[in-house]
Amino acid sequence: MSAPREAKKRTTRRKKDPNAPKRALSAYMFFANENRDIVRAENPGVTFGQVGRLLGDKWKALTDEEKQPYEAKHAADKKRYESEKELYNATKA
DNA sequence: ACTCTGATTGTTCGC
DNA sequence: GCGAACAATCAGAGT
């Protein structure tokens, strides 16, 4: 536990920081980017309800090796975020 | 010092 | 256009 996102109305949050250093995308984001093509291609007709859940299920189905390409993407994106962070504390200060 | 929560990221789909 | 499940995540804030 640590993040009980049960009824946490999380949707299009808002920025509270001065320059809002938006975080980096998650591995899931990259994964979804490629999966949306595959999953939907393999499951023609499945709506967000199905694909969405199926996607997450498959996501974990992958192993660290599978996630590697996605994690790598996230790592690259994270660096991008670092730039924001830098400018953030640089501007905010 | 340690912990936690909040904020954020992108997809799909329908209305 | 937005909201909502799906998952990750990271950093700052609070205790």
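Below, read A as the first sequence line, B as the second, and so on, with proteins coming before strands; counting in each chain starts at 1.
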Write down the distance between [atom1] ([X]) and [atom2] ([N]), rounded to a whole number of angstrom.
X       : N      : atom1 : atom2 : value
A/Lys22 : C/dA8  : NZ    : P     : 23 Å
A/Asp77 : C/dA7  : CG    : P     : 20 Å
A/Leu54 : B/dC13 : CG    : C1'   : 15 Å
A/Glu82 : C/dC10 : CD    : P     : 10 Å
A/Lys78 : C/dA8  : NZ    : C1'   : 13 Å
A/Lys58 : C/dC6  : NZ    : P     : 16 Å
A/Glu84 : B/dT8  : CD    : P     : 12 Å
A/Met29 : B/dT11 : CE    : C1'   : 7 Å

Within residues 38-50 of chain A, those residues having any heavy atom closer than 4.0 Å to DNA chain C are A/Phe48
Expected list for residues 59-76 of chain A near DNA chain C, using heavy atoms below 4.0 Å, is A/Trp59, A/Lys60, A/His74
Show me the donor-acceptor pairs, under 3.5 Å and distance only, between side chains in residues 67-83 of chain A and residues at least two apart or in other chains.
residue : atom : partner : partner atom : Å
A/His74 : ND1  : A/Leu25 : O            : 3.4
A/Asp77 : OD2  : A/Leu25 : N            : 2.7

Of A/Asp37 and A/Ser26, the one whose nearest nucleotide on DNA chain B sits closer to the 5' end is A/Ser26
Side chain to side chain contact (heavy atoms under 4.5 Å, CB included) filter on A/Asn33, not counting sequence neighbours, yields A/Arg36
Any heavy-atom pair between the side chains of A/Val46 and A/Leu54 that's under 4.5 Å?
no
Quiz item: Within less than 4.0 Å of OP1 or OP2 of C/dA5, is there a side-chain N or O belonging to A/Arg53?
Solution: no
Walking DNA chain C from its 5' end, the first of A/Leu25 and A/Tyr28 to be reached, judged by nearest nucleotide, is A/Tyr28
CD (A/Glu86) with more than 12 external heavy atoms under 6.0 Å | no
Residue set satisfying side-chain hydrogen bond (donor to acceptor under 3.5 Å, both in side chains) with A/Glu34, at least two apart, ordered chain then number -> none
In terms of heavy-atom contacts, A/Trp59 and A/Ala27 come closest through CH2-CB, 3.7 Å
The helix from B/dA1-C/dT15 to B/dC15-C/dG1: angle between terminal helix axes, five bp per end, to the nearest 10 degrees, reads 40°
The complete set of salt bridge (Lys or Arg N to Asp or Glu O under 4.0 Å) pairs with one or both residues in residues 37-55 of chain A, sequence neighbours excluded, reads none
task: Pick base, sugar-phosphate or nothing for A/Tyr81, based on heavy-atom distances below 4.0 Å to the nucleic acid.
output: sugar-phosphate
